[in-house]
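All remarks here apply to the structure that follows.
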Amino acid sequence: MKPSDVKVNEKVEVVQKEEKPVAEKISIGELHLSGCTGCLVTLADNYEGLFKLLDDYADLVYALTLVDVRHVPEMDVCLVEGSCCLNDKLSVEELKEARAKSKVLVAYGACAAYGNITRFCRGGQWNQPGHEAFVPISEVVDVDLYIPSCPPCPQQVRNVAVMAYLLLKGNDEQKSLATAYLTPLMQLAQRGNEACGCDLMYDVINQSLCMGCGTCAGTCPVRAITMEYGKPNVNRDQCIKCGACYAQCPRSWFNFDVMNNYEGIMGAIKGAMQ
Ligand code: SF4
Ligand code: SF4
């Protein structure tokens, strides 16, 4: 049988969805710098949650992988993926333009926040041997919040998008809930742009804060951490400097206001996604 012989009897019913006015939504864009697109894949890994987000809460106004918009537009939230190559003029200009045109600029993923694997770039490779300086985006522009890890967690970028919507379009109660959720991620951005497994040594163990829970070892994407005698031991040659272990450690930066508000926050997100 040839494809042209196949008879299609079923009529496809076209369901017309009610279009919501754009003004009700926030606008989100993704600026892709020196990244691997894994962070964008993470956003897509929300599956129907992403459709819900785009149906009801956010218009995706910029993302070269998905949207045919060539120049950086005005955005409520700009997710920046990848570090910034200082030897690439266009990257630096686009990052500065995105900062100027965004209400909230997010370092989305470990490369944008901490440099991650691009911290090891030394240049010398064809066909751009002079491209050697890859830095976290906060070396170039002010960053409002971090979504850490390599890759980040799908639920976290979804939560940030919903909370940004509540912050910009919600009532007073929703605004304060969104602020409670987003503040620790802003504090993480203020903490700095260097990350390494050594953070566990300096800022947790050496402060007598480690309780040996093993979350750091479970979090590390390259299995650079083993638990020895109840404490983490980091193989520094294996560490790719993503910052996930410190961000996930329950004795690091995380804010008790958010922990205590967990049920309210998750209830709001669950309600928003239904
Ligand atoms: S996650 Fe934090 S508290 Fe838990 S073992 Fe690792 S360093 Fe210690
Ligand atoms: S030890 Fe693992 S989780 Fe921590 S910064 Fe290094 S690669 Fe990331």
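Side chains included, hydrogens not; waters and symmetry mates left out as well; all remaining heavy atoms used. Numbers here are sequence positions counted from 1. Order of listing sets the numbers, starting from 1, for every ligand and every atom in it. These numbers were taken from a predicted model, which means no experiment stands behind them.
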- Query: Going by the order shown, which atoms of ligand 2 are within less than 4.0 Å of some heavy atom of Gly197?
  - Reply: 1 (S), 4 (Fe), 5 (S), 6 (Fe)

- Within a distance under 4.0 Å of any heavy atom of Pro221, pick out the atoms of ligand 2 and give their elements. 3 (S)

- Query: Is a side-chain donor-acceptor pair under 3.5 Å present for Glu132 with Asn87?
  - Reply: no

- Message: Any donor-acceptor pair under 3.5 Å linking the side-chain atoms of Asp59 with those of Ser27?
- Response: no

Side-chain donor/acceptor pairs under 3.5 Å, residues 67-74, sequence neighbours excluded:
residue	atom	partner	partner atom	Å
Asp68	OD1	Arg70	NE	2.7
Asp68	OD1	Arg70	NH2	2.9

- For residues Tyr146 and Tyr114, establish whether the separation of their ring centroids is below 6.0 Å. yes

- Among protein atoms, how many N/O/S atoms lie less than 2.8 Å from atom 6 (Fe) of ligand 1? 1

- Please determine if Arg158 and Asp45 form a salt bridge, counting it only when a charged side-chain N lies under 4.0 Å from a carboxylate O. no

- Answer yes when Lys52 and Glu48 have at least one side-chain N-carboxylate O distance shorter than 4.0 Å, and no when they do not. no

Enumerate donor-acceptor pairs with a distance under 3.5 Å from any side-chain N or O in residues 35-42 to protein atoms, sequence neighbours excluded.
residue	atom	partner	partner atom	Å
Thr37	OG1	His32	NE2	3.2
Thr42	OG1	Gly38	O	3.0

Can you tell me which residue and heavy atom of the protein come closest to [atom], and the distance to 0.1 Å?
atom: atom 6 (Fe) of ligand 2; answer: Cys239 SG, 2.3 Å
atom: atom 2 (Fe) of ligand 2; answer: Cys220 SG, 2.3 Å
atom: atom 7 (S) of ligand 2; answer: Ile240 N, 3.3 Å
atom: atom 3 (S) of ligand 1; answer: Met211 N, 3.4 Å
atom: atom 8 (Fe) of ligand 2; answer: Cys242 SG, 2.3 Å

- Using modelled atom types only, decide if a donor and an acceptor are shared between the side chain of Asp76 and the backbone of Ile28 within a distance under 3.5 Å. no

- Ala195 heavy atom under 4.0 Å from ligand 2: no

- Checking Arg122 against Phe134: charged group under 6.0 Å from the ring centre and within 45 degrees of the axis? no

- Note on the structure: Besides Val222, the hydrophobic cluster formed by Ile, Leu, Val, Met, Phe, Trp and Tyr side chains linked at under 4.5 Å, directly or via other members, contains Ile117, Phe120, Ile240

- Message: Give me the atom names and distance for the closest heavy-atom approach of Cys198 to Arg236.
- Response: SG-CD, 3.7 Å

- Message: Please list, in number order, the atoms of ligand 1 under 4.0 Å from a heavy atom of Pro250.
- Response: 1 (S)

- What do we get for Val222 next to ligand 2 when only non-hydrogen atoms under 4.0 Å count, side chain, backbone, both or neither? side chain

